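First the structure, in the form of structure tokens, and then the observations on it.
In the text below, chain A, chain B and the rest are named by the order of the sequence lines, each starting its count at 1. Keep in mind that this is a model prediction, so the values were computed, not measured. Values below: all heavy atoms of this structure, side chains included; hydrogens, waters and symmetry mates excluded.
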There are 2 protein chains.
Amino acid sequence: MDTRPTLRDVAALAGVSLKTASRVVNGETGVSSAKVDSVRRAVGRLNYRPNFTASMLRRSASRTAAIGAVLEDVANPFSSTLHRALEDTARGRQVMIFAGSVDEDPDREQALVTAFTARQADALFVVPASDDQTYLAAEIAAGTPVVFVDRPPVGVRADAVLSDNTAGAATAVRHLIAHGHRDIAYLGDLATITTAEQRFRGYREALAEHGIRPDPAHIVHDLHTEDAARQAALRLAGTAQPPTAYFTAQNLVTIGTIRALRSLGAHERVGLVGFDDFPLADLLQPAVTVMAQDPYRMGRAAAELIFRRLDGETWEPTTHVVPTVLIPRGSGEIPGPH
Amino acid sequence: MDTRPTLRDVAALAGVSLKTASRVVNGETGVSSAKVDSVRRAVGRLNYRPNFTASMLRRSASRTAAIGAVLEDVANPFSSTLHRALEDTARGRQVMIFAGSVDEDPDREQALVTAFTARQADALFVVPASDDQTYLAAEIAAGTPVVFVDRPPVGVRADAVLSDNTAGAATAVRHLIAHGHRDIAYLGDLATITTAEQRFRGYREALAEHGIRPDPAHIVHDLHTEDAARQAALRLAGTAQPPTAYFTAQNLVTIGTIRALRSLGAHERVGLVGFDDFPLADLLQPAVTVMAQDPYRMGRAAAELIFRRLDGETWEPTTHVVPTVLIPRGSGEIPGPH
DNA sequence: CATCGGCCTGACAACGTTGTCGAAATTGGA
DNA sequence: TCCAATTTCGACAACGTTGTCAGGCCGATG
């Protein structure tokens with residue numbers, strides 16, 4: 001009742017040897033049809049299911065048909081779209097996905113990777129949170145495909161699939177400048193995150209191109225929740241010289257900022273471009289202009305790199321950049337004073 | 001290079017027996033500190049990681065510390081919140097989550113369950129898509145904890161965590177009636193899904209209480225995508241006698257309906273209550289009144305049932321109902337003609 | 001000096017499965 | 001009838017790990 005039947009039980013019930021039962025279960029040829037039948041019956045009677053892990057252990061050095069996905073937060077739309085893309089690619093190959101959330105905690109990143117490798121995951125799909133992945137060097141050297149997604153690896157050479165953060169951010173900010181804004185605030189995620197840093201760089205570059213020196217008081221980093229962003233935006237908008245436009249460098253930050261502007265009744269007056277699209281952005285009033293990433297395409301690309309490596313292809317680690325695209329919807333086209 | 005070091009390699013390098021190496025790796029007592037050191041060094045040199053599956057196999061009948069989650073769609077906010085709740089509960093116990101999307105495909109449900117049990121998942125967290133789970137009977141009888149979430153099991157007795165669909169739907173519809181509506185349309189998901197059926201029942205019950213006979217032309221089932229819902233709503237709203245209010249029984253249906261009403265400019269005139277909350281519902285114009293489920297709480301409750309069973313507690317299968325709550329935000333308070 | 005008890009250590013078997021290989025059973029042909 | 005070729009079958013070992021158990025070593029005790 002508490003222990004599952006093994007192949008030994010099946011063989012005993014069918015009156016054949018262990019090996020013959022194994023042959024039937026694996027559909028090998030060279031078994032008389034009488035024995036095939038009796039084994040099949042025994043399998044049905046006992047509701048036998050092969051122990052996949054034991055099987056993989058024996059077929060040794062082979063695959064567990066499982067991939068570990070180290071994500072930022074499985075419940076965040078960006079992460080879950082990556083997850084879904086990976087799953088869709090894996091589905092045709094009968095590969096299962098282990099998924100876990102890191103929540104920007106470096107220790108948790110390593111704990112998850114360790115848990116996945118201890119379970120012999122065939123490959124790793126990693127959105128890194130820490131600033132050092134040297135701990136993965138041995139794993140990569142041992143031949144496990146590892147793909148970094150959204151953020152590049154540090155300390156190891158491995159495939160990566162990234163968004164064009166710097167250029168995308170610059171495009172967003174140029175768009176606001178083109179609509180007459182000069183005093184453009186930057187609200188961004190934790191400065192430790194590479195993508196946040198790159199987007200900030202794009203922001204500065206675009207301003208510099210036009211000889212604009214940003215007001216340091218209008219630059220806020222380390223906003224990791226919607227509410228932190230809301231409060232920061234409230235603070236900025238409440239000053240005597242509020243910014244005429246906002247570049248919000250992450251989707252939760254964008255939403256928090258919108259809430260703040262709404263509550264002040266300023267949402268129809270100030271410009272806003274967000275980095276990363278989000279559901280219903282087009283239904284808000286005004287609709288939100290964004291630099292859209294394409295997380296599904298990123299996930300798909302990363303999954304393909306993984307499977308090509310699993311299929312035995314080899315190449316020098318490459319970085320694949322997925323372009324971002326500006327989607328003008330209204331909030332970014334509100335004119336500024338210039 | 002291609003094969004990972006085993007404990008045998010560690011033992012050889014450290015000049016000790018396999019068993020002694022095992023003892024060191026597992027932190028057992030009774031090993032001289034000299035040997036502990038040399039084994040530790042060998043582990044470091046080879047970057048040895050224990051093979052968790054082999055270890056679990058040997059410790060036999062024991063746990064793999066992995067739970068399989070059969071979800072509707074990992075990228076859907078409802079599913080991903082369930083996933084996250086499960087993960088949060090599992091995290092403290094070092095248990096990993098296998099997750100997969102079913103997409104309402106009954107075959108896929110069974111394929112996922114089979115994949116998870118073949119990998120010796122300790123327990124299953126299932127949002128069922130099919131109308132028959134008898135195939136799980138043997139697994140449950142064998143003692144594997146299985147919890148059904150959002151939809152009840154059919155053909156087997158097992159724990160379930162459900163939303164209060166019928167009562168919630170009735171409350172939503174009564175709310176519209178109280179605001180003066182009589183001609184209330186029902187737009188719902190696939191009629192094969194139990195939750196859709198229950199919500200439809202709640203809709204009819206609430207109308208019946210007030211002696212209202214719904215117009216059959218204003219009842220549309222089987223809307224499984226946002227766009228299908230949008231088109232259905234466009235059709236209804238374009239007739240000579242359009243409904244004065246809508247009860248939309250699922251979040252994508254709600255959003256599709258909102259898009260349709262917007263495009264007709266009717267969104268400020270007709271009543272709307274959606275079942276299941278969604279992000280930014282409060283920022284739309286008008287803000288959307290919903291019957292909110294609490295997927296995080298549902299996932300948490302289901303996870304707790306799983307872990308209590310894994311801890312050895314036993315009880316007769318129970319059904320846990322998580323209440324839904326009406327959140328009036330505007331769209332449901334638009335007055336009707338009565 | 002012989003004996004005892006405690007501490008370390010390693011040989012062996014086993015978890016559930018499959019690859020190898022040789023033995024047994026069957027078939028066909030002369 | 002007999003031999004060889006073929007088919008079918010099962011004993012055994014192995015995958016990487018850990019539980020069991022017996023043996024070796026040590027100092028302490030009588």
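Rounded to whole angstrom, the span from the CZ atom of A:R119 across to the C1' atom of D:dT17 amounts to 15 Å. Separating the CG atom of A:L57 from the C1' atom of D:dA14 is a distance of 9 Å, rounded to the nearest angstrom. For the pair B:E28 CD and C:dT9 C1', the computed distance is 12 Å after rounding to whole Å. Atom CD of B:Q120 is separated from atom P of C:dC15 by 15 Å (rounded to the nearest Å). Distance CG (B:L46) to P (D:dG16): 14 Å, rounded to an integer number of Å. Here the P atom of nucleotide C:dT18 and the CG atom of A:L18 are 9 Å apart, to the nearest Å. Nucleotide D:dG19 holds its P atom 11 Å from the CE atom of B:M56, rounded to whole Å. At whole-Å resolution of the value, NZ in A:K35 and P in D:dT8 are 12 Å apart.
Contact between the side-chain N/O atoms of B:S32 and the OP1/OP2 oxygens of C:dC8 is not found at any separation under 4.0 Å. Applying the 4.0 Å criterion to OP1 and OP2 of C:dC8, one finds that B:T20 has every side-chain N and O outside that range. Side-chain nitrogen and oxygen atoms of B:R8 include none within less than 4.0 Å of the OP1 or OP2 phosphate oxygen of D:dG16. An OP1 or OP2 oxygen of C:dA13 is reached within less than 4.0 angstrom by no side-chain nitrogen or oxygen of B:K19. OP1 and OP2 of D:dA14 both lie 4.0 Å or more from every side-chain N or O belonging to A:R58. The side chain of B:N26 places an N or O atom within less than 4.0 Å of a non-bridging phosphate oxygen (OP1 or OP2) of D:dT18. Contact annotation: B:S17 side-chain N/O to C:dG10 OP1/OP2 distance is under 4.0 Å. Taking only side-chain nitrogens and oxygens, A:S55 comes nearer than 4.0 Å to OP1 or OP2 of C:dT18.
No donor-acceptor contact under 3.5 Å links the side chain of A:R23 to the base of C:dG19.
Nearest to the side chain of B:R59, among C:dT17, D:dT18, D:dG10, sits D:dT18. Listed nucleotides C:dT17, D:dT18, D:dC9 differ in distance to A:Y48; the shortest reach to its side chain belongs to C:dT17.
The existence of a salt bridge linking B:R84 and A:D73 is confirmed by a sub-4.0 Å separation between a basic side-chain nitrogen and an acidic carboxylate oxygen. Looking at B:D103 and A:R91, a side-chain N of the basic residue comes within less than 4.0 Å of a carboxylate O on the acidic one, giving a salt bridge. Salt bridge annotation for A:E109-A:R151: absent, with no cationic side-chain nitrogen under 4.0 angstrom from a carboxylate oxygen.
Inter-residue side-chain proximity for B:T81 and B:Q293 is flagged as unmet; no heavy-atom pair is nearer than 4.5 Å. Annotation: side chain of B:I97 is not in contact with side chain of B:F125 (no heavy-atom distance under 4.5 Å).
Remark: the backbone N or O of B:A75 is not paired with any side-chain donor or acceptor of B:S79 at under 3.5 angstrom.
Looking at heavy-atom distances under 4.0 Å, B:T6 makes contact with sugar-phosphate atoms alone, never a base. The residue B:F52 sits apart from the nucleic acid: no heavy atom pair falls under 4.0 Å.
Mapping B:T29 and A:V25 onto DNA chain C by nearest heavy atom places B:T29 at the nucleotide closer to the 5' end. Summary of the strand contacts: A:R49 and B:G15 both lie near DNA chain C, and taking for each the nucleotide with the nearest heavy atom, the more 5' one is attributed to B:G15.
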